[in-house]
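Counting begins at 1 with the first residue of the sequence. The figures here come from the full heavy-atom set of this structure, side chains too, leaving out hydrogens, waters and symmetry mates.
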Amino acid sequence: TNSTNIPIEVNFTNIVTGFEASDILIQNGTVSNFASDQLNYTFNISPVSEGLIIIDIPADVAKDENNEGNKEASTFSIQYDISSPNPTLNWDLNTFTNQSSISIDLSFDEKIRNLLSSGFELTNAIVDTITGTDSIYSVVINPIENGSLEVMLKENALFDFAGNKNTSSNLLSIYYDNKKTNLGFINDGREEDVDFQTSNKVIESSWSGFEESGSGINEYKWAIGTTP
């Protein structure tokens, strides 16, 4: 829970007397608004700090009409949590990709619920699938068109099990490019294409017409030999 005022109810099988707020043993909390009708007792717990709250009621703190003391109650505990879950996005990509289906690892620092595709802020992509449980998830997105692509998980998109909303995730960005490079021409020689070269120290080549408007051309390779 993330409530600062936790309601508790204690029920006895018989009408009892003598049960007071001071009889309640509590760790990490304080008692307030103690009330009763001698059969059912209610009170509120105010947490002291984040963590486990433990409540015990010892034996023989209340007596019925036959002067018989109560049995020890089963220990009640509840986790007090007011921290927002923090998400982290990660993928195994660099600056450019031609993948039409991109996998993203999504992790939280605690268990969460209500992770939906609408919780993501996307540029040039849509959410395809979401799988996972507790604090570890896998998200697959599909690019829409060539160009810059971005993805992040929005703030307040989901909850942890105490009801705390998440913080926003880090932003992932990449350039999506599945456009084929326009092929050009390669000449064996500095300018014109020649069948042989006379230098035994330098081999020259020239090329033109190659074009890649998206991610650009990373490297050229020119091979020498009689077979590909």
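- In this structure, the side chain of E50 engages the main chain of S83 through a donor-acceptor pair within 3.5 Å.
- Judged by distance alone, with hydrogens and angles left aside, the side-chain atoms of N40 form no donor-acceptor pair with the main-chain N or O of E9 at under 3.5 Å.
- At least one donor-acceptor pair under 3.5 Å links the side chain of D160 to the backbone N or O of A162.
- Taking every heavy atom of both residues into account, I130 and S117 meet most closely at CD1-N, 3.6 Å.
- At least one donor-acceptor pair closer than 3.5 Å links the side chain of S169 to the backbone N or O of L153.
- Between the side chain of S84 and the backbone N or O of K165, at least one donor-acceptor pair lies under 3.5 Å.
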Yes or no on side chain to side chain contact (heavy atoms under 4.5 Å, CB included) for F120 and L106, after CA distance, side-chain angles and deciding distance?
CA-CA 11 Å; F120 291 89; L106 171 58; 3.9 Å; yes

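- At least one side-chain heavy atom of W91 sits under 4.5 Å from a side-chain heavy atom of I174.
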Check your understanding: S100 and Y176: side chain to side chain contact (heavy atoms under 4.5 Å, CB included), yes or no, with the steps?
Key -> CA-CA 9 Å; S100 59; Y176 172 67; 4.2 Å; yes

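- Atom OG in S74 sits 10.0 Å away from atom CD1 in I57 (nearest 0.5 Å).
- Using modelled atom types, one finds no donor on one side chain facing an acceptor on the other under 3.5 Å when comparing S32 with N44.
- V31 and A21 make their closest contact through CG1-CB, 4.1 Å (heavy atoms, listed as atom of the first residue, atom of the second, distance).
- A donor-acceptor pair is defined here as one N or O able to donate and one able to accept, closer than 3.5 Å; such a pair exists between the side chain of N70 and the backbone of V61.
- With hydrogens and angles ignored, the 3.5 Å screen pairs a side-chain donor or acceptor of N166 with a backbone N or O of A157.
- Cluster annotation: L25 is not connected to F76 through the hydrophobic network of ILVMFWY side chains, with a link wherever side-chain heavy atoms come within less than 4.5 Å.
- In E121, the CD atom is not crowded: 12 or fewer heavy atoms of neighbouring residues, nucleotides or ligands sit closer than 6.0 Å.
- The nearest pair of heavy atoms linking A62 to F19 is CB-CB, 3.7 Å.
- Counting heavy atoms from C-beta on, the side chains of I126 and I144 come closer than 4.5 Å.
- Other residues sharing the hydrophobic cluster of L52, ordered by chain and number and joined by side-chain separations under 4.5 Å: I54.
- Using bins of under 30°, 30° to 60° and over 60° for the plane-to-plane angle, the ring pair Y175/F96 lands in the perpendicular bin.
- With rounding to the nearest 0.5 angstrom, the OG1 atom of T88 is 6.0 Å from the CG atom of N170.
- Scanning both residues, S46 and N5, for their nearest heavy atoms gives OG-OD1, 4.0 Å.
- Residues I55 and V16 fall within the same hydrophobic cluster, defined by Ile, Leu, Val, Met, Phe, Trp and Tyr side chains chained together at heavy-atom separations under 4.5 Å.
- Judged by distance alone, the side chains of D56 and T75 do bring a donor and an acceptor atom under 3.5 Å apart.
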Inset, instruction - Give the C-alpha distance, both sets of side-chain angles, the deciding distance and a yes or no for side chain to side chain contact (heavy atoms under 4.5 Å, CB included) between N14 and E68. - result: CA-CA 10 Å; N14 299 323; E68 292 184 359; over 6 Å; no

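- With rounding to the nearest 0.5 angstrom, the CD1 atom of I53 is 6.5 Å from the CD1 atom of I26.
- In the displayed structure, D37 atom CG is contacted under 6.0 Å by more than 12 heavy atoms of other residues, nucleotides or ligands.
- Both Y80 and I78 sit in one connected hydrophobic cluster of ILVMFWY residues. Membership requires side-chain heavy atoms under 4.5 Å apart, directly or through other members.
- A 6.0 Å sphere centred on CD of E65 holds no more than 12 heavy atoms belonging to other residues, nucleotides or ligands.
- Atom CG in L149 sits 5.0 Å away from atom CD1 in I102 (nearest 0.5 Å).
- Formation of a donor-acceptor pair under 3.5 Å by the N86 side chain with backbone atoms of D109 is not found in this model.
- Of all heavy-atom pairs between K154 and S118, the closest is NZ-O, 3.1 Å.
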(Q) Working note: I6 + I8, criterion side chain to side chain contact (heavy atoms under 4.5 Å, CB included); need CA distance, chi angles, decisive distance, verdict. (A) CA-CA 7 Å; I6 305 169; I8 303 294; 4.2 Å; yes

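- Here the CG atom belonging to D23 is positioned 7.5 Å from the CZ atom belonging to F34, to the nearest 0.5 angstrom.
- Within the model, atoms CG of L171 and OG1 of T123 stand 8.0 Å from one another, a figure rounded to the nearest 0.5 Å.
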(message) As a quick check of understanding, evaluate side-chain hydrogen bond (donor to acceptor under 3.5 Å, both in side chains) for N33 and T42, giving each step before the final call.
(response) CA-CA 8 Å; N33 299 328; T42 58; over 6 Å; no

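- Proximity of D81 to F161: side-chain heavy atoms (C-beta onward) are nowhere separated by under 4.5 Å.
- The closest side-chain donor-acceptor pair between S148 and N124, if any, does not fall under 3.5 angstrom.
- More than 12 heavy atoms of other shown residues, nucleotides or ligands fall within 6.0 angstrom of atom CG in N11.
- Put simply, F43 and V48 are part of two different groups of oily side chains (I, L, V, M, F, W, Y) that touch within less than 4.5 Å, one to the next.
- Pairing each heavy atom of L115 with each of L158, the nearest pair is CD1-CD2, 3.6 Å.
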